[in-house]
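All residue numbers refer to positions in the sequence shown, counting from 1. A quick note: this is a predicted structure, and the numbers were derived from the prediction, not measured. In what follows, every heavy atom counts, from backbone to side chain, and hydrogens, waters and symmetry copies are set aside.
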Amino acid sequence: MQKQKTRKKGLMRLLEIAGTKKWLLVISGFLAILHSVMALVPYILVYYVIKELTSPHMSFDLIWQYMGWAVGAAVISYALLYASGMASHVAAFNILYELRKNLAEKISRLSIGFINQKSSGVIKKIISTDIERIENFVAHQIPDFIKGLVIPIITLIYLIILDWRMGLISLIPFTLVIIMIPYAFINKKNKELMKEYLDSQENMNGVIVEYVRAMPVVKIFNQTVDAFEGYRNSVMGFRDHVINYMKSTTPSYAVIMSFMSNNLLPILALGSWLYFDNRLELSTFLLFLILGVGYIKPLFALSNLGGQLYLIVQGMGRIDEILFAKEIPQKEVEANIDYNSVSFNNVTFSYENGVKALNNVSFEIPEGSTTAFVGPSGAGKSTAAQLIARFWDVNDGEITIGGVNIKNIPIKQLYEKVSFVFQDAFLFQDTVYENIRMGMDVSKEQIIAAAKAAQCHEFIEKLPLGYETRIGEGGIHFSGGEQQRIMLARVILKNSPIIILDEATAFADPDNEAKIQKAFGEIMKGKTVIVIAHRLSTITNCDQIIVFEDALINNIGTHNQLLEKSPLYKNMWKAHVQAKDFELGGDVI
């Protein structure tokens with residue numbers, strides 16, 4: 001039996017994610033090393049300048065030559081640093097692009113069930129914050145880390161060769177910092193605190209998104225943030241985790257900073273003693289005061305590396321949760337589907353909580369017919385419609401289109417067959433034109449024709465830039481009915497043979513509802529249509545109505561047939577009629 005390949009972690013996983021851009025990171029690292037070497041050259045040349053100035057046979061020509069070389073080395077050093085930064089940034093932005101692209105593609109192949117387990121705030125943090133953190137690490141911290149390690153090592157080697165006594169005393173702060181950093185930031189307790197910090201941040205992001213979406217309710221009921229316990233607790237919990245982490249790391253961090261900031265003292269003490277004892281030249285003493293103190297500065301980049309690296313590893317773990325998540329199984333070979341009927345054959349389905357949403361359900365939707373799903377809330381009608389589009393996979397039984405099990409139809413082919421108009425309209429922050437086109441290879445004439453059929457061409461033409469008007473932030477905002485009609489234009493343009501309408505007129509005013517119903521007439525021509533209905537008056541002319549009750553089929557028939565043989569449907573119709581005739585203050589509304 002073949003062993004499963006072990007998933008890489010930490011920096012090895014980061015290099016694996018870098019993929020074809022690893023060579024750019026190698027180039028960036030190599031250039032950063034060259035920069036570190038060249039950055040040391042001007043200081044060495046300054047040492048020779050001082051030595052020459054204190055020499056009894058001083059040569060100004062040699063001094064100017066040293067100064068010229070120092071300027072040239074500094075210019076080359078900065079050029080190498082720039083080239084290193086460019087290589088790391090190109091690699092970082094390519095990694096960022098690839099990661100976001102791969103995540104978006106992966107999410108499109110996952111079941112809605114997996115996505116529903118994570119709030120939109122959590123997914124937003126993964127795609128935005130966690131990936132941005134990787135980009136920042138690759139673009140800035142990898143070169144900084146190389147410099148922070150190479151410059152001190154090269155400098156210390158040179159100083160020890162120059163004077164081993166002063167070199168060893170200069171080595172003390174470096175040794176203590178290298179020992180202290182892992183102890184301060186990468187110990188077990190701080191790892192646990194960091195994980196709690198990240199988990200609380202994800203929870204807070206999810207709750208914040210929910211709170212913002214609930215803003216109309218907040219305003220209507222004149223509530224404050226404190227009234228929403230979940231929001232307040234998530235923010236306060238995040239604050240507490242940040243404080244706990246800072247309390248844990250601050251003492252060690254303070255010690256490290258103290259050593260790094262006061263490394264002059266041992267050098268000054270030993271150097272002064274050796275100089276006044278005539279065992280150390282002034283030029284050498286001055287060089288140690290410059291380099292012996294200056295080499296510590298790059299170590300500041302290492303001081304935050306432990307915590308930052310752990311953040312990166314945790315972020316990559318969350319990214320990998322999506323990238324390695326189990327996809328909906330699908331066939332590669334296109335299925336041969338001759339007709340567009342839909343059949344449920346003994347279908348049973350449960351959500352994650354184990355409660356059955358559908359229990360051994362069977363029915364047939366003939367090609368070219370219009371079928372309505374009705375029933376009390378939670379009866380299973382929306383679930384049944386979503387299963388047709390494989391938002392989830394059934395637990396038992398099968399769903400077929402044209403006699404072919406939808407599990408044997410490639411997802412791309414299935415979505416060419418099925419269009420879904422959701423109850424909640426969603427428009428992208430893009431032009432009206434692109435919102436209708438949705439990436440389809442169609443002409444502008446076809447888009448306008450679809451808009452006319454969806455009864456939205458007229459109001460689009462009245463916009464400031466017509467079809468090129470942007471929607472959303474900084475642009476035009478449409479009413480619910482107008483949004484629905486743009487969504488219907490998408491469906492008309494797609495021209496799928498099977499259409500699922502999830503109560504598309506639920507939030508429309510009477511004028512918009514009439515126009516949407518007219519658009520439905522265009523959509524339904526020659527199509528297999530499934531309507532999830534709450535307003536029973538809109539489905540009285542359907543070819544058949546399927547009544548759901550407690551995850552089962554209560555009855556199937558036409559409107560008149562169900563009024564006679566289904567007590568549940570009869571009661572629903574009676575309640576619907578009474579609601580239409582509801583009186584308030586004596587006036588019928």
Side-chain angles (χ1 to χ4, degrees), residues 8-42 71-107 123-155 181 185 194 198 201 294-320 322-323 429:
K8 294 178 182 177
K9 295 182 179 180
L11 283 174
M12 295 306 295
R13 174 61 180 141
L14 184 60
L15 289 174
E16 187 178 47
I17 285 175
T20 57
K21 305 304 173 187
K22 280 188 282 193
W23 65 273
L24 279 172
L25 295 181
V26 172
I27 289 174
S28 175
F30 179 70
L31 292 172
I33 292 172
L34 291 180
H35 156 74
S36 302
V37 173
M38 294 305 297
L40 186 61
V41 170
V71 171
V75 171
I76 293 172
S77 171
Y78 281 111
L80 289 167
L81 179 62
Y82 175 80
S84 172
M86 286 296 293
S88 65
H89 275 78
V90 170
F93 285 119
N94 274 279
I95 292 169
L96 181 146
Y97 167 76
E98 290 292 336
L99 269 178
R100 284 189 172 149
K101 177 173 168 286
N102 291 341
L103 277 172
E105 290 176 349
K106 179 71 177 187
I107 288 171
I123 294 176
K124 175 260 179 190
K125 176 186 173 292
I126 292 171
I127 294 177
S128 177
T129 306
D130 289 337
I131 292 181
E132 288 286 350
R133 193 176 281 133
I134 291 174
E135 181 272 325
N136 182 66
F137 183 81
V138 172
H140 299 281
Q141 289 176 314
I142 288 182
D144 287 347
F145 168 72
I146 292 171
K147 287 190 298 176
L149 204 58
V150 172
I151 288 178
I153 290 173
I154 294 175
T155 303
I181 285 176
F185 301 108
M194 180 62 74
L198 292 171
Q201 186 182 42
Y295 85 85
I296 286 290
K297 186 178 179 182
L299 285 177
F300 278 93
L302 296 180
S303 64
N304 291 321
L305 183 67
Q308 288 298 319
L309 184 58
Y310 187 72
L311 283 173
I312 297 298
V313 171
Q314 287 292 314
M316 286 190 297
R318 285 162 167 77
I319 290 168
D320 283 347
I322 295 178
L323 290 178
Q429 289 185 20

Practice prompt. For the pair His35 (side chain) and Leu80 (backbone), establish whether a donor and an acceptor sit closer than 3.5 Å, ignoring hydrogens and angles.
Written response: no
Worksheet item: Is the side chain of Ser36 donor-acceptor paired with the backbone N or O of Val150 at a distance under 3.5 Å, no angle test?
Response: no
Discussion item. Nearest 0.5 angstrom please: Phe30 CZ to Ile146 CD1, how far?
Written reply: 11.5 Å
Worksheet item: CG/Asp320 to NZ/Lys106 distance, rounded to the nearest 0.5 angstrom?
Response: 10.5 Å
Practice prompt. Could you tell me which non-hydrogen atom of Pro42 sits nearest to which non-hydrogen atom of Ala74, and how far apart they are?
Written response: CG-N, 4.0 Å
Worksheet item: How many angstroms lie between CD in Glu105 and CZ in Arg100, if you round to the nearest 0.5 Å?
Response: 14.5 Å
Worksheet item: Can you tell me how far the NE2 atom of His89 sits from the OG atom of Ser28, to the nearest 0.5 Å?
Response: 9.5 Å
Item to complete: To the nearest 0.5 Å, tell me how far Leu103 CG sits from Ile319 CD1.
Response: 6.0 Å
Worksheet item: Counting distance only, does the side-chain N/O of Thr155 pair as donor-acceptor with the main-chain N or O of Ile151 below 3.5 Å?
Response: yes
Discussion item. Working to the nearest 0.5 angstrom, can you tell me the gap between Ser88 OG and Leu24 CG?
Written reply: 9.0 Å
